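Small disclaimer: the values here were computed from a predicted structure and weren't measured.
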Amino acid sequence: MNALADPHTYGMKAVGEGVAVAADLSAAPKRKASLYADPLSWLVLDAVEQALGACGGDFTPSDASVKEAVGHIAVSDQCTTHTMRQLAEAIPAGRISPLRFSGANPGSICSLPSQLLGFSGPTMTLSMPPDKGLPPAMAVARAWLRQGSATHVIVTAHRADASGHRVTSTLLTPDATAGLM
């Protein structure tokens, strides 16, 4: 599948990357008690955790002060379509829990990992294909890093095709050698 654009061209460096795949979102496992989160949110969480684990000693997820400044941008043209379809199918029954609507919010694919991992930096979800959404996502990540809105930014891209779903999360920091700061 397609890879992220080279982050060095944006004055950032990738310090960790994670990839999570699922053949079908209906079968994606839920790891925590959030019955209404879209299955893609759990796949994004898996990829983000892998990216954090792959960054070596450059990032300490248990450090609360570091977590406060982690931003996250997710790019997907499907976002929470799976949950939206389930809501639509439940309408004829006449009863839908209001809690299900929070899981249908497209931003929840980005907010669930931030909530469960304790990140409180800026977040953004671009509901568009990654090929079109990654360039602006990288520009926003660069701006957040340059302005000090975040010390680290995770850029997540979701792609789906006949073979299944693939989520790639990349943990970015400023690249001092590229003159970002």
Side-chain angles (χ1 to χ4, degrees), residues 1-7 10 12-56 58-59 61 67 70-86 102-142 144-145 150 152-173:
M1 298 225 175
N2 298 327
L4 280 174
D6 183 2
Y10 295 93
M12 300 176 286
K13 64 178 176 182
V15 295
E17 184 172 278
V19 176
V21 295
D24 180 8
L25 288 179
S26 298
K30 297 177 180 176
R31 295 185 296 150
K32 308 218 181 200
S34 179
L35 299 175
Y36 301 113
D38 188 87
L40 181 57
S41 302
W42 298 110
L43 207 57
V44 171
L45 175 63
D46 287 346
V48 168
E49 287 181 329
Q50 289 178 32
L52 296 175
C55 72
D58 197 29
F59 181 78
K67 289 180 175 180
V70 175
H72 188 191
I73 302 169
V75 182
S76 170
D77 58 348
Q78 293 191 7
C79 291
T80 55
T81 302
H82 180 86
T83 298
M84 289 182 206
R85 285 190 181 128
Q86 288 182 331
S102 64
N105 178 340
S108 68
I109 66 168
C110 192
S111 63
L112 180 78
S114 296
Q115 177 185 7
L116 294 178
L117 297 172
F119 300 151
S120 55
T123 62
M124 175 184 290
T125 300
L126 300 174
S127 54
M128 60 178 58
D131 294 339
K132 293 185 178 183
L134 282 174
M138 298 302 269
V140 171
R142 182 176 189 261
W144 287 351
L145 292 170
H152 298 77
V153 177
I154 300 165
V155 174
T156 296
H158 165 241
R159 291 177 170 84
D161 59 23
S163 66
H165 298 265
R166 180 181 176 98
V167 175
T168 303
S169 293
T170 304
L171 179 62
L172 303 166
T173 62

Exactly one of Leu52, Val70, Ile154 clears side-chain contact (heavy atoms from CB on, under 4.5 Å) with Leu117, and that residue is Leu52
The side-chain contact (heavy atoms from CB on, under 4.5 Å) partner of Trp42 among Leu25, Leu112, Val167 is Leu112
Which distance, rounded to the nearest 0.5 Å, do you find between the [atom1] of [X] and the [atom2] of [Y]?
X: Gln115; Y: Leu45; atom1: CD; atom2: CG; result: 10.5 Å
X: Asp38; Y: Thr81; atom1: CG; atom2: OG1; result: 8.0 Å
X: Lys13; Y: Thr173; atom1: NZ; atom2: OG1; result: 4.5 Å
X: Leu40; Y: His165; atom1: CG; atom2: NE2; result: 7.5 Å
X: Lys132; Y: Asp77; atom1: NZ; atom2: CG; result: 10.5 Å

For Ser41, the side chain to side chain donor-acceptor pair (under 3.5 Å) test, sequence neighbours excluded, returns none
Closest heavy-atom pair and its distance - [X], [Y]:
X: His72; Y: Cys110; value: O-SG, 3.3 Å
X: Gln50; Y: Gly18; value: CB-CA, 3.5 Å
X: Ala141; Y: Val155; value: CB-CG2, 4.1 Å
X: Val75; Y: Ala137; value: CG2-CB, 3.9 Å
X: Leu145; Y: Ala150; value: CD2-O, 3.4 Å
X: Ser76; Y: Cys79; value: OG-N, 2.9 Å

For the backbone of Ala104 and the side chain of Thr80, can you confirm whether one donor and one acceptor N or O come within less than 3.5 Å of each other?
yes
Check against side-chain contact (heavy atoms from CB on, under 4.5 Å), Met138 and Leu172
CA-CA 10 Å; Met138 298 302 269; Leu172 303 166; 3.9 Å; yes
Ile109 and His158: CA distance, side-chain angles, deciding distance, side-chain contact (heavy atoms from CB on, under 4.5 Å) verdict: CA-CA 10 Å; Ile109 66 168; His158 165 241; 5.8 Å; no
Q | Audit row: Asp161, Arg166, salt bridge (charged side-chain N to carboxylate O under 4.0 Å, His left out) steps and yes/no | A | CA-CA 9 Å; Asp161 59 23; Arg166 180 181 176 98; over 6 Å; no
